[in-house]
Amino acid sequence: MEDYLKGLNKEQYNAVVNTDGPVMVIAGAGSGKTRVLTFRVAHLLQKGIDPFNILALTFTNKAAREMKERVIKLIGDGEARNVWMGTFHSVFAKILRFEGQHLGYPSNFTIYDSDDTKKLIKNIITDMKLDPKTYAPNFVRARISMAKSHLIGPEEYANNTEITEADKSGAKPLIKDIYKTYNLRLKRSDAMDFDDLLFNTYILFRDFAEVLYKYQQKFKYIMVDEYQDTNHAQYLIVKKLAANTENICVVGDDAQSIYAFRGANIQNILNFRKDYPDYKLFKLEQNYRSTKVIVEAANKIIGFNKDQIKKTVWTENDEGNKIGLIRATSDNEEGKLVADAIFTAKMTEQRHNSDFAILYRTNAQSRAMEEALRKINIPYRIYGGQSFYSRKEIKDLLAYFRLVINHNDEDALQRAINTPARGIGKTTMERLIVVADENNVSLWEVVNAPGKYGTQLNSGTATKLANFATMIKSFAVEMKKKEAYEVAQLIANTTGLVRMYREEDTPEGLSRVENIEELLNGVKEFSERGAEANEGDLEFQGTLAEFMQDVALLTDADQDDDDNDKVSLMTIHAAKGLEFPYVFIVGLEENLFPSIQSISTRAELEEERRLFYVALTRAETKATLSFAESRYRWGQFTITEPSRFLDEVDEALLETPLRSGFKQQTERIRTENTIPKTPEPSRRNLKPIDNSQVQDKAFTGDDTGALAPGMDVEHIKFGRGKVISVEGNGPNQKATVHFNSVGTKSLLLRFAKLKIV
DNA sequence: TCCGATCTATTTTTT
DNA sequence: ATAGATCGGA
């Protein structure tokens with residue numbers, strides 16, 4: 001046995017060394033899935049397999065990078081860097097840059113992100129004079145995206161009566177036309193959306209046998225991570241690629257499937273047995289990550305789901321801490337209690353900030369957490385949310401980059417042409433768009449040569465257009481001669497974008513200028529990295545075009561930070577695949593988690609439950625659940641109810657009972673084997689309550705040094721209560737107080753302003 | 001065409 | 001709450 005394989009358990013070992021033929025690995029949470037994948041790659045290389053023959057597909061760039069780093073650690077640099085490891089989207093984008101001409105795409109095609117996509121769909125809806133309320137852009141986009149990920153093109157869509165009937169009964173019969181126009185417009189812009197990267201790769205392999213053959217020869221060993229999250233398109237592409245050698249290894253966990261909402265299909269796991277009847281199955285069931293308490297609680301929760309593949313996750317780890325429970329009166333208080341708990345654990349357990357993660361269902365929940373952490377000076381880092389790349393000023397500058405790289409990129413052109421203002425307004429643009437449509441050419445064609453298409457323009461406008469076109473073309477020339485950073489800086493300055501924001505002379509304007517500078521620094525770093533990497537990776541030049549390819553598929557979670565000792569804040573989706581000693585799962589309230597839009601069908605509810613399972617199994621040492629009894633949502637104060645998921649946590653594993661104090665829980669009727677009733681958003685939850693009571697600004701705490709058990713105290717939010725105990729001293733002094741209103745709470749006296757009554 | 005005031009949708013999760 | 005969209009007036 002090779003040395004490096006010694007640390008593996010039997011199942012892991014088998015999953016690693018069975019390199020030939022189809023293999024499926026069902027890997028429970030924390031069972032060493034990534035380990036198996038990395039060792040498998042290392043093992044292949046060790047056996048002398050050419051790294052260029054190995055393909056490893058992941059869902060996030062982060063997972064890909066991590067895998068690469070770990071392989072390099074195992075067997076050293078050099079060979080490892082030539083393995084194709086990346087997300088489905090990035091790998092297929094790379095293939096399409098090489099092969100896109102078969103489908104009529106240039107290699108410099110633009111990738112539209114969801115913002116660009118949405119905008120384009122919105123434009124089309126307006127152009128078609130449809131009511132944007134009926135045809136809500138987000139809805140239409142979701143519909144088109146769903147179609148594309150099932151490999152249903154515009155024609156198939158229009159010819160599929162089941163689909164069109166559904167659209168008709170939804171009073172949206174024209175989605176098929178929007179879809180058709182949308183695809184034409186994308187094509188005319190030499191652009192692909194995220195789904196096209198998969199769709200077109202599939203078409204490429206389906207229609208061009210020689211291309212398929214080439215990649216089948218290339219990728220002799222294929223590995224797919226998070227197989228439970230693949231959609232139909234991904235499934236078929238992988239199947240085609242693997243058809244020759246059948247050296248395919250998929251790793252997944254049905255209990256962690258949380259992307260059905262975007263077309264992921266758990267059936268792909270089941271299909272695997274049919275597609276490769278002689279496949280080998282390995283089950284990784286031993287959890288190395290979490291304590292017994294966490295594993296047991298998680299097992300019980302997932303047990304409430306009907307649809308699942310039987311498996312038993314177990315662990316030899318210690319029993320561990322019970323699961324914490326935080327009950328807060330408001331979202332802000334929830335933030336404070338969580339921040340306090342982190343502070344306390346840091347002090348008592350000597351932990352780093354980076355040992356903590358706060359996980360939530362929606363990005364909007366981060367704010368209360370941020371504020372609370374900031375108040376007590378705990379550094380944190382937010383993953384996801386409003387991405388750096390979706391800020392206005394960044395989009396503005398990127399639009400120029402895109403336009404310079406691909407003149408036909410219509411979205412980029414529309415954004416750039418009058419930002420900053422160049423006197424090319426709405427009227428002119430509308431006229432140009434009509435001409436472009438009539439002649440079926442890209443918008444750039446018309447802007448660049450309006451005379452050619454007989455566009456009616458006054459001479460002033462014509463000059464402005466000509467100047468703009470000349471400028472863009474001059475950038476394109478520069479781009480060929482200079483490296484990325486120089487061109488980027490030239491563009492930022494010559495276009496007047498930086499000047500525009502600077503002249504706003506407002507704090508926002510200034511921060512926009514700073515963001516632009518940050519982006520330029522990013523470009524600089526990128527091209528320097530390009531120069532360094534040149535000898536190792538011949539394909540990498542560090543050009544602006546390459547930078548843009550990177551950016552299009554990048555998410556915020558992929559960015560690195562210099563200072564890494566920070567508390568992590570992210571959605572549960574973003575946390576998949578990660579682990580932390582201490583995990584706080586916040587906002588466990590009905591209509592938030594599970595989400596109000598996911599409780600009408602069993603399938604949706606079960607996905608929410610898997611999400612909860614994923615969240616809980618991120619924890620190594622201790623998990624803490626929290627919920628608030630009220631929360632601001634959509635700027636509205638709402639009373640909330642604890643999540644049904646809290647009831648599914650084994651009471652015996654909780655630090656404090658769920659139902660304590662005076663609060664009487666309304667009995668919720670839930671039978672495990674009936675389909676949940678139609679959602680009845682309880683009035684109670686949505687009723688705005690009078691929020692006008694002004695808080696007593698003068699409320700200041702008494703000196704709490706004299707605080708002792710038995711004393712009556714008053715709290716600014718909780719009102720009257722009785723002190724049960726006081727522990728700790730100095731800044732960490734805590735008191736347990738029983739309040740009439742909210743039951744027993746533990747408060748850090750430094751923050752809780754208590755008045756002795 | 002530009003600017004400001006008013007209105008409005010947004011919040012599920014991501015490549 | 002808040003950013004973006006929209007509309008009317010300059």
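Below, chain A is the first sequence line, B the second, and so on; all start at residue 1.
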Legend entry - Flag for A/Asn183-A/Lys148: side-chain donor and acceptor within less than 3.5 Å: yes
Under 3.5 Å, which protein N or O atoms sit close to an N or O of nucleotides 8-11 of chain B? Give each pair with its distance.
unit_1: B/dT11; atom_1: O3'; unit_2: A/Gln597; atom_2: NE2; d: 3.4

Legend entry - Spacing of A/Ile121 atom CD1 relative to C/dA5 atom C1', expressed in whole Å: 18 Å
Inset, instruction - In whole angstrom, give the distance that lies between atom CZ of A/Arg141 and atom P of B/dT13. - result: 11 Å
Inset, instruction - May I have the distance from A/Tyr383 (atom OH) to B/dT14 (atom P), rounded to whole angstrom? - result: 14 Å
Legend entry - Whole angstrom value for the distance that separates C1' of B/dT15 from CD of A/Glu226: 13 Å
Inset, instruction - Return the stacking result for B/dT13 and A/Phe261: yes when the ring centres lie under 5.5 Å apart and the planes under 30°, no otherwise. - result: yes
Legend entry - A/Ser330 side chain to A/Glu334 side chain, donor-acceptor N/O pair below 3.5 angstrom: no
Inset, instruction - Could you note down all residue pairs passing salt bridge (Lys or Arg N to Asp or Glu O under 4.0 Å) where residues 135-145 of chain A supplies at least one of them, sequence neighbours left out? - result: A/Arg143-A/Asp167
Between protein and nucleotides 1-7 of chain B, what N or O pairs are separated by less than 3.5 Å?
unit_1: B/dT1; atom_1: OP1; unit_2: A/Gly425; atom_2: N; d: 2.9
unit_1: B/dT1; atom_1: OP1; unit_2: A/Thr428; atom_2: OG1; d: 3.2
unit_1: B/dT1; atom_1: OP2; unit_2: A/Lys426; atom_2: N; d: 3.4
unit_1: B/dT1; atom_1: OP2; unit_2: A/Thr427; atom_2: N; d: 3.4
unit_1: B/dT1; atom_1: OP2; unit_2: A/Thr427; atom_2: OG1; d: 3.0

Inset, instruction - Decide whether A/Gln256 and A/Tyr613 meet the rule of one side-chain donor and one side-chain acceptor closer than 3.5 Å. - result: no
Inset, instruction - Using the test ring pair (Phe, Tyr, Trp, His ring centres under 6.0 Å), find all partners of A/Tyr259 that sit at least two apart in sequence or belong to another chain. - result: A/Phe261, A/His573
Legend entry - N-O pairing of A/Asp396 and A/Lys392 below 4.0 Å: yes
Legend entry - Modelled atom types, side-chain donor and acceptor of A/Ser189 and A/Asp409, under 3.5 Å: no
Inset, instruction - With sequence neighbours left out, write down each residue that passes ring pair (Phe, Tyr, Trp, His ring centres under 6.0 Å) with A/Phe612, or none if nothing qualifies. - result: A/Phe593, A/Phe645
Inset, instruction - Quick one: label A/Ser90 by what it contacts on the DNA or RNA (base, sugar-phosphate, nothing), any heavy atom closer than 4.0 Å. - result: nothing
Legend entry - B/dT14 phosphate, OP1 or OP2, under 4.0 Å from A/Asn363 side-chain N/O: yes
Inset, instruction - Measure from CE on A/Met192 to C1' on B/dT15 and round the result to the nearest Å. - result: 15 Å
Legend entry - Cation-aromatic face contact A/Lys172/A/Tyr135, 6.0 Å, 45 degrees: no
Legend entry - First of A/Arg367 and A/Lys392 reached from the 5' end of DNA chain C, by closest nucleotide: A/Arg367
Inset, instruction - Name the nucleic acid region contacted by A/Phe593, choosing base, sugar-phosphate or nothing; use a 4.0 angstrom heavy-atom cut-off, strictly under. - result: nothing
Inset, instruction - Please state how far atom NZ in A/Lys119 lies from atom C1' in C/dA5, giving the value in whole angstrom units. - result: 13 Å
Inset, instruction - Check the distance between B/dT14's C1' and A/Ile111's CD1 and give it to me in whole angstrom. - result: 15 Å
Inset, instruction - List in chain and number order the residues that pass ring pair (Phe, Tyr, Trp, His ring centres under 6.0 Å) with A/Tyr501, two or more places apart in sequence or in another chain; answer none if no residue qualifies. - result: none
Legend entry - Distance, rounded to the nearest Å, where A/Tyr632 contributes OH and C/dA1 contributes P: 7 Å
Inset, instruction - Kindly say if A/Thr60 contacts the phosphate of B/dT15, meaning a side-chain N or O under 4.0 Å from OP1 or OP2. - result: no
Inset, instruction - Scan A/Tyr259 against the nucleic acid and name what it touches under 4.0 Å (heavy atoms): base, sugar-phosphate only, or nothing. - result: sugar-phosphate
